[in-house]
There are 2 protein chains.
Amino acid sequence: MDLRHLRYFVAVAEEENIGRAAARLHISQPPLTRQIQQLEEELGVTLFIRTPRGMELTQAGELFLEEARNIRSLVEQATERTQRADQGKLGRLDVAIFGSAILDAIPKLLLAFRNHHPDVKVVLHTMTKAEQIEALRQRRISVGFNRMLTPLEDIGVQQVAIEDLLLAIHADHPLARQPSIRFADLQDHPMVLFPTGARPSFIDRVIGLCSESGFQPQISQEVGDAVTGVALVAGGFGVCLVPESATTLQFPSVVYLPLTDTPPNFHVDLSCIYRKNDQSPILAAFLETVEEYKKTSPGSRR
Amino acid sequence: MDLRHLRYFVAVAEEENIGRAAARLHISQPPLTRQIQQLEEELGVTLFIRTPRGMELTQAGELFLEEARNIRSLVEQATERTQRADQGKLGRLDVAIFGSAILDAIPKLLLAFRNHHPDVKVVLHTMTKAEQIEALRQRRISVGFNRMLTPLEDIGVQQVAIEDLLLAIHADHPLARQPSIRFADLQDHPMVLFPTGARPSFIDRVIGLCSESGFQPQISQEVGDAVTGVALVAGGFGVCLVPESATTLQFPSVVYLPLTDTPPNFHVDLSCIYRKNDQSPILAAFLETVEEYKKTSPGSRR
DNA sequence: TTCGATCATACCCAGAAGGTATTGGTGAGG
DNA sequence: CCTCACCAATACCTTCTGGGTATGATCGAA
């Protein structure tokens, strides 16, 4: 059986007349007769009763008509959906994020992507940097978000944003009384650092910036992510350098202050990583959305 | 696109290798390559990425694989269901019954048919004799049950059962005290007759039997069906001749008694009617069940 | 570098789909 | 009652396409 048989059968069933059906199908009558005969023979079922006035469906034919229409519409849907999938408009994208990256940029990015590709199901996974790279290689995810990423042989990097660093500090802290805080003044104050885990990370960036300013930070506590870090600041464990997107975390007793006399390039990046050889149209569409986001959100990059 | 394309595509997708897939399909490799290329071209979508180790599905290909499997299984189901419909094992049978025919034979018959053809949906309609014939001609029903039917040009009749006639009589009625009741003794007692409506009917049979015995019945009341008739007997309106299947109606004050000295052929038939030119396998199966029923229920015919 | 595995291409053949002409059967109208 | 119109079926031819064989191109492993 062929899809052609179904197309022909539906035409004959609807016209109840082989000649008219043949005209509608742009073929002549005899081949159509033969195709219908073939179909009946293959099924072993009489689908039509031939009358001098035309073709009339049997009960089995009625049923087969329903089925044939179903199949034809399913075929149509299949091609259409496949084409949409090919254009990256249908499917699934597995995205890894890190502990506190749910702030600011990423939600906006995902929202923008959703708007352009409403039928792509975005699945979020929380992973550390090392887990992300492993999951990328195992194809469990297609995109990972993180900071301080370096390109690898098989892993591409695309920058999403560059953020200023701010100081999260307790409102009652002595430094918080000053009109402005010089970066080097942090030397004498215990500091909360994050994240623990795979190096190099944001921790190394902070320590590097301190040493550029000529001091070693007093480490009060190392924690897993920015959320925990700011929570410890609220609990009086010290101060904490955070990316500006952390300001979406509002604690009653924590204020975010800019720093002066900072070393050059007092920023931290947010980037995404992906398999370089990933041909997926969905990934291409996603990276395009990232590019678009960078252009339309100049406030979050320097 | 063809069902062949789908079959080939699924094979290649499953084997991830054109050569092996070709072997599985019992064709050589080059035609298979070409068919896959055709499919991709027609869809305008790259379904596979060719690697030196074989064929790997793209994301769009993964989706199309699901769809292709769906379609193929639907095609399989369609042929199977159509064949079952052709054998009268799947479909719908519209059956008309008359007022009180729901007694005895018809439920048993329908039950037997259900057992042999569980996927045929039997739909019951209550209709008078005239309505049944009109509905048959308009193809709204396929079978009708009634009594006293005569074959017509386009309508076939098949007898289902022949029932004895009994007298429904109030337990306190004077005649009910006698050891046996002679039919002619009904002459002096008012009688409830049914059904009203299209003639000839059961009414005419009863009147005919009376005149064969040499009397005219005293008509107490004409009612629509046996159920109402027996109810009036219970209410003291008189006696009522009923087919023996009416004994399934048990009223506390009504008894059913046989009659003696009856004219010959003191019976009434129950038959079904159908379109003579109806080729439906379901009807054929139903009439066969009727035939079977007559053989296995000798008690209900004489 | 060579060999083996894999997919792609070139070319041929056979079978099947489609076309034209005609037959057979049935019902409406003169 | 006959004829014509209409419809499906058949016969036969043509064309197209799916499948076969032989071969090429590419890449990875030995």
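Within the 3.5 Å criterion, the main-chain N or O of B/Ala112 finds no donor-acceptor partner in the side chain of B/Asn115. Between the side chain of B/His125 and the backbone N or O of B/Ile141, no donor-acceptor pair lies under 3.5 Å. Put simply, the side chain of A/His26 never gets that close to the backbone of A/Ala22: no donor and acceptor are under 3.5 Å apart.
Regarding B/Tyr8, its OH atom lies at a distance of 16 Å from the P atom of C/dC7, rounded to whole Å. Atom CD1 of B/Ile27 is separated from atom P of C/dG15 by 17 Å (rounded to the nearest Å). Straight-line distance from the CZ atom of A/Arg4 to the P atom of D/dT17: 11 Å, rounded to whole Å. For B/Met55 and D/dT26, the CE to C1' distance is 15 Å, given to the nearest whole Å. Atoms CG (B/Asp2) and P (C/dA16) sit 14 Å apart, rounded to a whole Å. Between the CZ atom of B/Arg53 and the P atom of C/dA5 there is a distance of 15 Å, given to the nearest Å. Counting to the nearest Å, the P atom of C/dT9 and the CD1 atom of B/Ile36 are 14 Å from each other. Atom CD in B/Glu56 sits about 21 Å away from atom P in C/dA5, given to the nearest Å.
Within the 4.0 Å cut-off from OP1 or OP2 of D/dG19, not a single side-chain nitrogen or oxygen of B/Ser28 is found.
At a non-hydrogen distance threshold of 4.0 Å, B/Gln37, B/Arg50 from residues 37-51 of chain B come into contact with DNA chain C. If you check residues 9-17 of chain A against DNA chain C, you find no residue with a heavy atom closer than 4.0 Å.
Put simply, the side chain of A/Gln83 does not reach to within 4.5 Å of the side chain of A/Lys89, judged on heavy atoms.
In this structure, of D/dC7, C/dA8, D/dG19, it is D/dC7 that holds the atom nearest to the side chain of A/Arg20. Distances from the side chain of A/Pro31 to the nucleotides C/dA8, D/dA8, C/dG19 place C/dG19 closest. Closest approach to the A/Thr33 side chain among D/dG20, D/dA9, D/dC7 is made by D/dA9 (side chain taken as heavy atoms from C-beta onward). The side chain of A/Gln35 approaches C/dG18 more closely than any other nucleotide in the set D/dA8, C/dG18, C/dT9. In this structure, of C/dA8, C/dC7, C/dT20, it is C/dT20 that holds the atom nearest to the side chain of A/Pro30.
A salt bridge is defined here as a Lys NZ or Arg NE, NH1 or NH2 lying under 4.0 Å from an Asp or Glu carboxylate O, and B/Arg139 with B/Glu134 fails to meet this definition. With respect to B/Asp94 and B/Arg140, no salt bridge is recorded, no charged nitrogen being found less than 4.0 Å from a carboxylate O. A/Arg53 and A/Glu16 are not joined by a salt bridge, as no carboxylate oxygen comes within less than 4.0 angstrom of a charged side-chain nitrogen.
Only one option out of B/Thr58, B/Ile18, B/Ile36, B/Leu39 pairs with B/Phe48 in a side-chain contact (heavy atoms from CB on, under 4.5 Å); it is B/Ile36. Checking each of B/Arg275, B/Lys276, B/Arg137 against B/Asp154 for a salt bridge (charged side-chain N to carboxylate O under 4.0 Å, His left out) leaves exactly one that passes, namely B/Arg137. With B/Glu14 as the partner, the salt bridge (charged side-chain N to carboxylate O under 4.0 Å, His left out) test is satisfied by one option alone out of B/Arg7, B/Arg20, B/Arg24: B/Arg24.
As judged by a 4.0 angstrom heavy-atom cut-off over every strand, A/His5 is placed among residues making no nucleic acid contact. Counting non-hydrogen atoms under 4.0 angstrom, A/Pro52 reaches the backbone sugars and phosphates but no base.
Counting atom types as modelled, A/Arg34 pairs a side-chain N or O with a base atom of C/dG18 as donor and acceptor under 3.5 Å.
With ring centers used as reference points, B/Phe9 lies 6.0 Å or more from B/His5.
Over its length, the helix from C/dT1-D/dA30 to C/dG30-D/dC1 turns its helix axis by 10°, as judged from the five terminal pairs at each end, rounded to 10°.
B/Thr33 and B/Gln29 share a donor-acceptor pair across their side chains, judged by distance under 3.5 Å alone.
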